[in-house]
Every structure is written in C-alpha cells, then in structure tokens.
There are 2 protein chains.
Amino acid sequence: MQSILILCLTDPYSLKSLLQMNLNKDNTMQDYELQFKKFLLKRGLKLTRSRSLILNASFALHEHFDAEKLHSILKGMNVSLATVYRTLPLLVDAGLIQLAVRSDGRDRYEHILGHPKHAHWLCENCKTVTETNISSLLPLIEQEAKALNFTLDQITINISGTCWKCSNSEANPQS
Amino acid sequence: MQSILILCLTDPYSLKSLLQMNLNKDNTMQDYELQFKKFLLKRGLKLTRSRSLILNASFALHEHFDAEKLHSILKGMNVSLATVYRTLPLLVDAGLIQLAVRSDGRDRYEHILGHPKHAHWLCENCKTVTETNISSLLPLIEQEAKALNFTLDQITINISGTCWKCSNSEANPQS
DNA sequence: CACAAGATGAGAATGCTTTGCATTTCCTTG
DNA sequence: CAAGGAAATGCAAAGCATTCTCATCTTGTG
C-alpha cells in the first residue's frame with residue numbers, strides 16, 4: 001500500500017516529531033490540502049509528497065517564513081530547496097499563502113486561511129514585525145479597484161518606521 | 001576654481017544633453033540638494049560629485065527607476081554602479097526617495113518631494129504599475145500608528161492583480 | 001501493471017547587490 | 001595655498017537568494 005506523510009499540526013513546536021508520523025492520506029486531508037489539490041488539478045499538476053510536506057509545514061507555522069526556513073524544517077525529509085522555491089508560487093497562486101514582507105533581501109510569506117487581511121508594521125531598528133487588522137481600509141481599496149476596473153489579488157500594506165520600544169531607546173543613545 | 005556638475009532638470013528627456021553643462025555649485029543648489037547635504041552633514045558624510053549626480057538624476061526622472069537605470073543615465077560621467085548602490089540607501093534615509101516596488105528581482109525607487117503618498121497597482125500579467133492617491137487612507141493609518149506608538153517613516157501599499165486590459169484579453173485566450 | 005506526463009534533487013548558473021582594497025577626492029587646519 | 005586625515009570612489013571580486021538544467025524518480029490513468 002502506498003502511503004504518504006501528512007501533517008495536521010496546529011502547534012509548530014511539535015512539528016519535528018510529528019513529521020515522523022506516517023499517516024494514510026485519505027484519513028487526514030485538511031481543508032487547505034483539498035483546496036491545493038483542486039487548484040493543482042485545474043492546472044494539470046499533482047499533489048505530491050514534497051508539495052504536501054511544504055504546504056503542511058507552512059500551515060504549521062504561525063509566523064512569517066521564507067524558503068530557507070521551510071527547507072530547514074523539512075531537513076532530513078528529502079525535500080530540496082529547489083522544490084520549496086518551486087512550490088511557493090503555487091501556494092501563492094492557490095490563494096493559500098501570500099508574500100508578507102521582503103526584508104534583508106529575503107521574501108517572507110505567511111499562510112492565509114483564517115487569517116484576516118492585515119498591515120505589517122516593520123521596525124527598521126529591531127526588525128520586529130507587528131500586525132494590525134485593516135478591515136477598515138478594505139472598503140476604500142475595493143472601491144478604488146472597482147473604479148480602476150482592477151481585479152484584486154493581493155493587498156500588501158507595509159509600514160516601516162520605529163516602534164515604541166526603539167524610539168524610546170534612541171532618545172537616549174550611548175549614554 | 002573647483003566647479004562641479006549640477007543638474008536642475010524638470011524635463012527628463014533633455015537629461016543627457018544637460019548633463020554636459022558645467023555649472024557653478026552655489027548658483028544651482030536645489031531644495032532637495034540642500035536637504036541631502038544637511039542629512040549627510042549630520043552623519044559626517046560629504047556631498048560629493050557622484051552623489052550629487054545620482055540625486056539629480058533621480059529627481060529628473062518622473063517614473064520608477066532602479067540602480068541600473070541611474071547608472072546608464074550617468075554613463076560617461078564616471079559614476080560607478082557600486083556608488084549608485086551605495087548612494088541609494090542614503091537617499092532613502094534622507095527621505096528623498098523611497099522603494100516603490102520590487103519586481104523581476106529588482107528594487108525600483110521613486111523620488112518623494114512633491115509626490116503625494118500613493119498606492120501601486122501592479123498587474124501581474126503585463127507588469128504595468130498604476131498609481132493612485134491614498135489620502136483617504138492616510139488618516140486611518142496615522143490613527144493606528146498613534147495607537148501603536150509607532151513613528152511612521154514609509155507607507156507602502158502595493159496591490160497586485162489583473163488590470164482592466166489584461167482581464168479582458170484573458171477572457172478570450174488563444175482564440 | 002505499464003506508460004506518459006509531471007515532479008524532484010543536486011548542483012550549476014543567474015543576476016542583483018555588496019564588499020575589499022588601492023587610489024582619489026574632499027574639507028579642515030595651519 | 002599646502003598638507004593631512006577622513007571619506008568616497010572605481011574596479012573587480014565576491015555574496016546570496018532564487019532559478020534553471022537534466023538525469024532520475026513519482027504519480028495517476030487506462
């Protein structure tokens with residue numbers, strides 16, 4: 001019998017150990033996996049072991065991640081970095097993850113499901129990213145989209161500056 | 001007498017020819033140059049020939065630009081690509097330019113002075129970038145910033161999707 | 001269970017961006 | 001106006017995230 005590794009984690013900390021589990025596919029398919037499978041089928045692509053692992057690792061993380069991070073989580077599971085890079089755009093197109101911010105020359109993603117649209121507040125000093133809800137902004141943006149006849153896909157609102165903590169410590173430097 | 005090249009263009013199309021002009025520094029200093037000089041002084045840095053050329057080339061362009069573009073505009077003026085790359089972050093820190101979008105693996109900037117805050121609408125198909133005013137969104141963002149005690153620096157609103165033109169031609173593909 | 005289309009891993013390649021270093025330019029001080 | 005030290009520059013050589021190549025392996029179908 002052919003079986004594949006499937007993760008159904010909500011807790012990122014137990015990820016590594018649970019990655020060892022070898023469950024039957026049909027019993028554990030998650031919503032997002034079904035969504036991904038549907039999307040792939042429509043494109044004549046397949047839901048493979050690697051893609052499933054990458055998808056589940058993404059959803060197990062409740063923080064921003066980049067290709068390298070996913071790859072390191074899947075270390076020892078024989079998933080190459082190239083495949084991670086090949087899979088990320090698929091997940092984006094499938095509407096499962098989105099590019100959150102780009103900082104330090106790396107693209108950082110986040111999963112979307114059950115994750116309301118939000119803005120990222122990036123502190124230029126300590127690099128911390130804070131999130132806030134943007135539901136109040138959405139109607140205005142959608143209205144503008146309609147005016148432009150623009151089909152919305154992703155909305156990215158990134159605000160950079162200095163967070164409360166850092167602007168306090170900058171106020172009294174090296175003293 | 002020491003003199004340097006200074007540009008004071010509003011018309012990008014005559015850039016190349018005007019780059020030949022050799023004007024006296026003190027007669028032609030622009031607002032943005034003064035601002036840059038002040039910024040550099042504060043950091044113990046100098047407003048040099050190369051930096052001045054790069055700054056002026058940036059402000060002569062009324063479109064997005066990347067390092068390569070500035071470098072090609074300044075071809076023959078003995079400004080190295082490395083210096084362009086070294087200067088861009090300075091201009092950003094000085095509040096004179098900002099990172100507009102990153103597409104095709106390149107960072108594209110735009111100058112800020114007299115340029116009201118706006119959103120970028122990037123068509124994923126034809127890569128066209130449209131700009132719209134975001135003055136209606138600003139109060140909401142500033143209010144949120146106050147709540148977070150966050151010192152605003154840059155606000156980036158990038159919206160990707162499909163523009164009117166492309167969604168029309170996608171509707172009847174290869175037929 | 002064979003087959004064709006897709007997918008993968010490994011590593012080479014790509015291309016933007018950064019860095020090291022010897023040389024030049026800049027500004028201040030006599 | 002010359003000297004001197006700090007900064008800046010050009011050039012070429014990395015760095016580094018991401019993409020590509022290609023031989024091999026998987027996947028779902030008939």
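All figures in this text were calculated on a predicted structure; none of them were measured in a lab. First the proteins, then the strands, lettered A, B, ... as listed; each starts at 1.
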Euclidean distance, atom CG of residue B:Leu74 to atom C1' of D:dG10 [Å, nearest integer]: 14 Å
Distance, rounded to the nearest Å, where A:Leu70 contributes CG and D:dA17 contributes P: 15 Å
What is the nucleic acid contact for A:Asp66, judged by heavy atoms within less than 4.0 Å: base, sugar-phosphate only, or nothing? nothing
Applying side-chain contact (heavy atoms from CB on, under 4.5 Å), run through B:Trp121 and A:Ile141 and close with a yes or a no. CA-CA 11 Å; B:Trp121 303 73; A:Ile141 292 172; 4.2 Å; yes
Side-chain N or O of A:Ser80 versus OP1/OP2 of C:dG11: is the shortest distance under 4.0 Å? no
Using the side chain to side chain contact (heavy atoms under 4.5 Å, CB included) criterion, which residues pair with A:Ala67? Sequence neighbours excluded. A:Leu81, A:Val84, A:Tyr85, A:Leu88
Could you pick out which residue, B:Val84 or A:Ala67, lies toward the 5' side of DNA chain D when each is mapped onto its nearest nucleotide? B:Val84
Could you tell me whether a side-chain N or O of B:Gln35 sits under 3.5 Å from a main-chain N or O of B:Ala94, the two making a donor and an acceptor? yes
Can you tell me how far apart SG (B:Cys123) and CH2 (B:Trp164) are? Round to the nearest 0.5 Å. 12.5 Å
Roughly how many Å is it from NZ in A:Lys75 to P in C:dG9, rounded to a whole number? 15 Å
In this structure, how many angstroms lie between the P atom of C:dG6 and the CG atom of A:Leu41, rounded? 12 Å
Could you go through B:Asp153 and A:Thr162, starting from their C-alpha distance and side-chain angles, then the distance that decides it, and tell me whether this counts as side-chain contact (heavy atoms from CB on, under 4.5 Å)? CA-CA 8 Å; B:Asp153 181 14; A:Thr162 314; over 6 Å; no
Are there any protein N/O atoms within less than 3.5 Å of an N/O atom in nucleotides 19-23 of chain D, and if so, which ones and at what distance?
residue	atom	partner	partner atom	Å
D:dT21	O4	A:Arg86	NH1	3.3

Contacts of B:Lys46 and A:Gly105 projected onto DNA chain D by closest heavy atom; the upstream (5') one is B:Lys46
Overall bend of the helix from C:dC1-D:dG30 to C:dG30-D:dC1 (five pairs an end, 10° steps) is 30°
Looking at A:Glu68, is its backbone amide N or carbonyl O close enough to the side chain of A:Asp66 to form a donor-acceptor pair, meaning the two atoms are under 3.5 Å apart? yes
Look up atom OG1 in B:Thr130 and atom CD in A:Glu144, then write down how far apart they are to the nearest 0.5 Å. 10.5 Å
Whether A:Arg49 contacts C:dT8 is assessed here as follows: a side-chain N or O lying under 4.0 Å from the phosphate OP1 or OP2. Is that the case? no
Within residues 92-103 of chain B, the residues having a heavy atom closer than 4.0 Å to DNA chain C are B:Arg102
How close or far is atom C1' of D:dA7 from atom CG of B:Leu47, stated in whole angstroms? 13 Å
Partners of B:Leu45 by side chain to side chain contact (heavy atoms under 4.5 Å, CB included), sequence neighbours excluded? B:Leu40, B:Arg43, B:Arg51, B:Leu90
Is there a side-chain polar atom (N or O) of A:Ser50 under 4.0 Å from OP1 or OP2 of C:dG9? yes
Rounded distance (Å) that lies between atom P of D:dG10 and atom CD1 of B:Ile54: 8 Å
How would you list, by chain and number, every residue that makes a salt bridge (charged side-chain N to carboxylate O under 4.0 Å, His left out) with B:Asp107, sequence neighbours excluded? B:Arg102
Select base, sugar-phosphate, or nothing to describe what B:Asp107 touches, counting heavy atoms under 4.0 Å on all strands. sugar-phosphate
Give the rounded distance in Å between these two atoms: CZ of B:Arg43 and P of D:dA8. 11 Å
For atom CZ of A:Arg51 and atom P of D:dT26, their distance in whole Å: 15 Å
Under 3.5 Å: donor-acceptor pair, side chain of A:Asn133, backbone of A:Ser135: yes
When rounded to the nearest 0.5 Å, the distance separating CZ of B:Arg108 from CD of B:Gln98 is 15.5 Å
Check whether any side-chain heavy atom of B:Val101 sits under 4.5 Å from a side-chain heavy atom of B:Leu122, and report yes or no. no
Within the structure, does a side-chain N or O atom of A:Arg106 lie under 4.0 Å from either OP1 or OP2 of D:dC16? no
Check whether any side-chain N or O of A:Thr48 sits under 4.0 Å from OP1 or OP2 of C:dG6, and answer yes or no. no
OP1 or OP2 of C:dG9 sitting under 4.0 Å from any side-chain N/O of A:Thr83? yes
Supply the atom-to-atom distance B:Ile157 CD1 to A:Asn158 CG, rounded to the nearest 0.5 angstrom. 9.5 Å
